[in-house]
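See below for the structure under consideration.
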Amino acid sequence: MKRSLWEPKRRIERSYARSLKKIFKFVEKAIIGITDPFSMIGVLKSLTQTKEFQDHAETTALKMATHVFTDAGRTWREAAKVNGQGKEIYEALKNEMGTEVGDVFREIVKENSKLIKTIPESMTEYVSRYVAKEAQKGRRHTDIAKDLQEKFPELNKSRATLIARTESSKASTALTKARSERMGIRWYVWKTSEDSRVRSSHRHMNDVLVNWNDPPDPEALKGEKSYGHYAPGDIFNCRCYP
Ligand SMILES: [Zn+2]
């Protein structure tokens, strides 16, 4: 299948997933060998405050946002070549950082680094829930701690994949929206990734012309449970794009 020019590149998502997995590994390493779940919580909490972790989170978020930003910029330039308004598009792409597009870029960095910084916190919540459940069965803390150390790598791997997919898609859509608005382009066509994993409510949206200011509620349109109004790529695990 020929890939669309506008489809977000999977390698951006994969590279973000790899970086996130490294962060999870870094966090998991800190709790290795701890035999008491409550000490684990303490270690996770103090880890969040370290400069090393904070820097790691910020660099990772910045890397992903830059990746999406430059890649989509290339897409716009490609499109300009085959478009009668090529010159206008080139002009609009110049010095984008000082415009609304730059604001969106900075927002992506901020939101993602915030999200990464909550990783240890969400792990502590998991520890608390797991301890409560297992202690009821009369299990010893040392066994519970051992379980947790075994569980986290798998749990975190799938979490990294989900965050990478959702957030790189959202970032890409946000930038396309900002760039479109700046160029006075008010409409887009909803595209799915056109494979078997597309959810039925989104398959329904494929090739539909949509106004940026009037996002659809794809689930409600199909009589399913609503997740609200949103643009393609702007919801968890979605690989659709405008
Ligand atoms: Zn989708």
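Just so you know, these numbers come straight off a predicted model, no measurement behind them. In listed order, ligands and their atoms are each counted from 1.
Between Lys117 and Glu58, at least one side-chain nitrogen of the basic residue sits less than 4.0 Å from a carboxylate oxygen of the acidic one, meeting the salt-bridge criterion. The pair Glu219-Lys225 does not count as a salt bridge, with every side-chain nitrogen at least 4.0 angstrom from each carboxylate oxygen. Taking the charged nitrogens against the carboxylate oxygens, Lys51 and Asp55 do have a contact shorter than 4.0 Å, which makes a salt bridge.
Asp71 places no side-chain N or O within donor-acceptor distance of the main-chain N or O of His67, the cut-off being under 3.5 Å. The backbone N or O of Ile41 sits nowhere less than 3.5 Å from a side-chain atom of Thr124 that would complete a donor-acceptor pair. Between the side chain of Gln149 and the main chain of Ile34, a donor-acceptor pair closer than 3.5 Å is present.
Around the Zn ion (ligand 1), the protein N, O or S atoms found under 2.8 Å comprise His202 ND1, Cys238 SG, Cys240 SG.
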